[in-house]
Amino acid sequence: MHSRNPFYILVAVLFIVGIGASIYRGVEHNVPFLPGKQVQSWAVEAKVSFQGTGEPAEVSFSLPQDPAYQVLVENASSPGYGLTINHNDNDRRAVWSIRQALGTQDLYYKVTLVPTGSTQIPATQTPAAPEAYLWPATEQAAAEQVIADVWTRSASNLSFAQQLMASIAEHKRSQNVELLLASQTPTQLFLHMLHTKGIPAHKVSGLYLEDQRRRQPLSPFVEVFHDGQWILFDLVKGKQGRPQNLLLWERAGHSVLDVMGGVNSQVNFAMLQDTRSALATSIDMMMNNNALDFSLYQLPLEEQSLFKGILLIPIGVLMVVFLRVMIGIKTSGTFMPVLIALAFIQTSLLTGLIGFLLIVSCGLVIRSYLSHLNLLLISRISAVIIVVIGIIGVFTLLSYKFGLSEGLTITFFPMIILAWTIERMSILWEEEEGPREVMLQGGGSLMVATLAYLAMSASWVQHWVFNFLGIHLVILALVLLMGQYTGYRLLELKRFKSLAGA
């Protein structure tokens, strides 16, 4: 007797790989597990303005690079200007250039962003210690005293930054802090004191995202390195951490806007919150990251539509195997109900049932006449196929004449399968089991096809079989397991009803 252990190992591997692949796709590529899920997106527009002096102009503008937001679409509107996007490790910049810029110049940059859910700012590498800030002679003594006082009240770089922010941002500042703030902003003073102690930190510019706001400026922040992370400090509000709906626009410590060949430059931001499909968003993100190599979404739309129908067949097959092996429902043909269920998806359930009954009934009547002609099997089947096509054509024309648009969809029925079904039912009726068995198998086929249609037409099923291909391995494992079942079917238990009553 052969051991079944290899079989169960195969089934377990199919389950694990299928479920693992589906979970990986949902988590890694942000593909929603349920259809219809929506996500919030932000459309941000930056308007760069300056006065051209009639000379060649070059405008360098920092672009957002925030781990908390994914860039979906970005474009620039700059008629007459050349545009280059420069990518560095921690800095993305748009560079506009033109041979002559005279008068008021307006350049636009638009970007669509979606939140990634990541609130931390990891450091790609340990930053080098910054150069110590050289204090002016009139400020050096005051700065050293403030730094020494805060240093004694701290235990780490992070706690030093926290205590230092409290000393700068508190309402009753010391005289030394007031002296230092007379010549520099709180953000600059905080950054210079951190550099004096050799603590890695840099200035960043952030944009508060508020729906339907215009002419919004950037706000200054400071990122302090601690334990592999960048910690955000807001010296204006005296708070630590990342505020809600904050987009970090410039994180390299450089200027946001540099203009050569122009004066009076400025940049303002407008923003709008929107809702978009989570699935469409994940597809756009995968396209931006070149992660569509093994996805059906890289196929043309026509092939995608074809596969959406093909990938529903395993669901119908699973229903047929379960209903025949476990329940014991008889059908005319093994997988004919699956093809009928596919036709129901195109025609709708009620129209499909009526069309199927009409075609099969008329086909049986004509087939009964053909049985008296003593034709060869191949000729008889061919005749039935032609008759089925004729019946479908007649019903389609009648539906059109009476204005029944639903009847036009019966052309989706598989004609060859219908012909074989009519042939098989006719043989059962005339030569084998009689009309009772025909009704039993025909009714069973319609029941299985209806249940398969309900399963295949469910929106969440269609979403899963197309977006999570690993689910097909799970279906295969279930089919293999049910193929090992040799016990009683559910409908066979009625034979033991009398024993249960006794």
Side-chain angles (χ1 to χ4, degrees), residues 42 44 46 62-69 90-91 113 115-123 127 130 133 143 146-147 149-151 153-174 176-178 180-211 213 215-257 266-271 273:
W42 287 94
V44 180
S62 176
L63 304 182
Q65 194 168 8
D66 188 343
Y69 291 89
N90 203 27
D91 189 22
L113 305 140
T116 61
S118 174
T119 58
Q120 296 182 339
I121 310 173
Y133 177 71
V146 172
I147 292 174
D149 178 59
V150 175
W151 187 261
R153 292 185 280 114
S154 64
S156 63
N157 291 347
L158 179 60
S159 60
F160 175 77
Q162 293 168 340
Q163 295 299 321
L164 183 60
M165 181 180 65
S167 300
I168 296 175
E170 64 184 3
H171 296 290
K172 295 182 179 181
R173 304 185 183 95
S174 65
N176 290 329
V177 174
E178 291 290 354
L180 296 170
L181 288 176
S183 60
Q184 50 190 319
T185 65
T187 300
Q188 292 173 336
L189 178 59
F190 180 72
L191 191 60
H192 292 160
M193 287 186 169
L194 291 173
H195 288 177
T196 300
K197 298 302 293 185
I199 299 175
H202 56 259
K203 180 183 176 181
V204 299
S205 298
L207 180 66
Y208 284 100
L209 299 177
E210 300 179 38
D211 191 22
R213 297 300 298 270
R215 298 184 178 277
Q216 296 300 297
L218 294 173
S219 301
F221 295 86
V222 174
E223 285 182 351
V224 179
F225 179 76
H226 174 72
D227 195 21
Q229 301 284 333
W230 290 104
I231 310 300
L232 208 61
F233 287 85
D234 184 357
L235 273 296
V236 176
K237 298 181 180 180
K239 295 182 179 180
Q240 173 191 339
R242 187 189 189 99
Q244 188 177 11
N245 288 344
L246 176 68
L247 170 64
L248 298 180
W249 194 274
E250 204 289 320
R251 296 186 54 235
H254 303 152
S255 60
V256 175
L257 178 63
Q266 62 177 348
V267 58
N268 290 310
F269 297 86
M271 61 211 69
Q273 189 178 29

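Everything quoted here is computed from the prediction, not taken from an experiment. Atom set for the values below is all heavy atoms of this structure, side chains included, hydrogens, waters and symmetry mates excluded.
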With sequence neighbours excluded, residues passing side-chain hydrogen bond (donor to acceptor under 3.5 Å, both in side chains) with Ser154 = none
Can you check whether Ala201's main-chain N or O pairs, donor with acceptor, with His195's side chain at less than 3.5 Å?
-> yes
Pairs meeting criterion salt bridge (Lys or Arg N to Asp or Glu O under 4.0 Å) with involvement of residues 225-240, two or more places apart = none
Can you find a pair of side-chain heavy atoms, one from Leu207 and one from Met271, that are under 4.5 Å apart?
-> yes
For the student: nearest non-hydrogen atoms of Pro67 and Thr116, plus distance = O-OG1, 2.7 Å
Look up atom CG in Leu164 and atom CH2 in Trp151, then write down how far apart they are to the nearest 0.5 Å.
-> 11.0 Å
Note, Leu191 side chain near Tyr133 side chain (heavy atom, < 4.5 Å) = no
Quick one: list whatever passes side-chain hydrogen bond (donor to acceptor under 3.5 Å, both in side chains) with Gln184, sequence neighbours left out.
-> His192
Checking Ile199, Ile231, Val224 against Asn157 for side chain to side chain contact (heavy atoms under 4.5 Å, CB included), the one that qualifies is Ile199
Between atom CG of Leu235 and atom OG1 of Thr185, what is the distance when rounded to the nearest 0.5 Å?
-> 8.0 Å
Which heavy atom of His226 sits nearest a heavy atom of Ser156, and at what distance?
-> CE1-OG, 4.4 Å
Considering all heavy atoms of both residues, which atom of Ile168 and which atom of Pro186 are nearest to each other, and what is their separation?
-> CG2-CB, 3.9 Å
Do the side chains of Asn176 and Asp149 get nearer than 4.5 Å, heavy atoms only?
-> no
Is the backbone of Ala252 close enough, under 3.5 Å, to the side chain of Glu250 for a donor and an acceptor to pair up by distance?
-> yes
Taking only residues two or more places apart in sequence or in another chain, which ones pass side-chain hydrogen bond (donor to acceptor under 3.5 Å, both in side chains) with Glu210?
-> Arg213
For Gln273, look at atom CD and say whether over 12 heavy atoms of other residues, nucleotides or ligands are found less than 6.0 Å away.
-> yes
Of all heavy-atom pairs linking Ala46 and Phe269, the shortest is CB-CE2, 3.5 Å
Within a strict 4.5 Å, meaning less than it, do heavy atoms of the Pro130 and Phe225 side chains meet?
-> no
Those residues at least two apart in sequence (or on a different chain) that pass side-chain contact (heavy atoms from CB on, under 4.5 Å) with Gln162 are Leu158, Ser159, Phe233, Gln240
Whether Ser205 side chain and Pro220 backbone form a donor-acceptor pair below 3.5 Å = no
What heavy-atom pair brings Pro200 and Gly198 nearest, and what distance separates the two atoms?
-> CD-O, 3.5 Å
Sub-4.5 Å side-chain heavy-atom contact between Asp66 and Arg242 | yes
Step by step, work out the side chain to side chain contact (heavy atoms under 4.5 Å, CB included) result for Leu113 and Leu209.
-> CA-CA 11 Å; Leu113 305 140; Leu209 299 177; 5.6 Å; no
Nearest heavy-atom approach of Ser167 to Val150 is OG-CG2, 3.6 Å
State, with a plain yes or no, whether a side-chain heavy atom of Val204 is found less than 4.5 Å away from one of Trp230.
-> no
Looking at side-chain heavy atoms only, is the closest gap between Trp249 and Val267 below 4.5 Å?
-> no
Might you work through the side chain to side chain contact (heavy atoms under 4.5 Å, CB included) test for Phe160 and Ile147, ending with a clear yes or no?
-> CA-CA 9 Å; Phe160 175 77; Ile147 292 174; 4.2 Å; yes
With sequence neighbours excluded, what pairs up with Gln266 under the side-chain hydrogen bond (donor to acceptor under 3.5 Å, both in side chains) test?
-> none
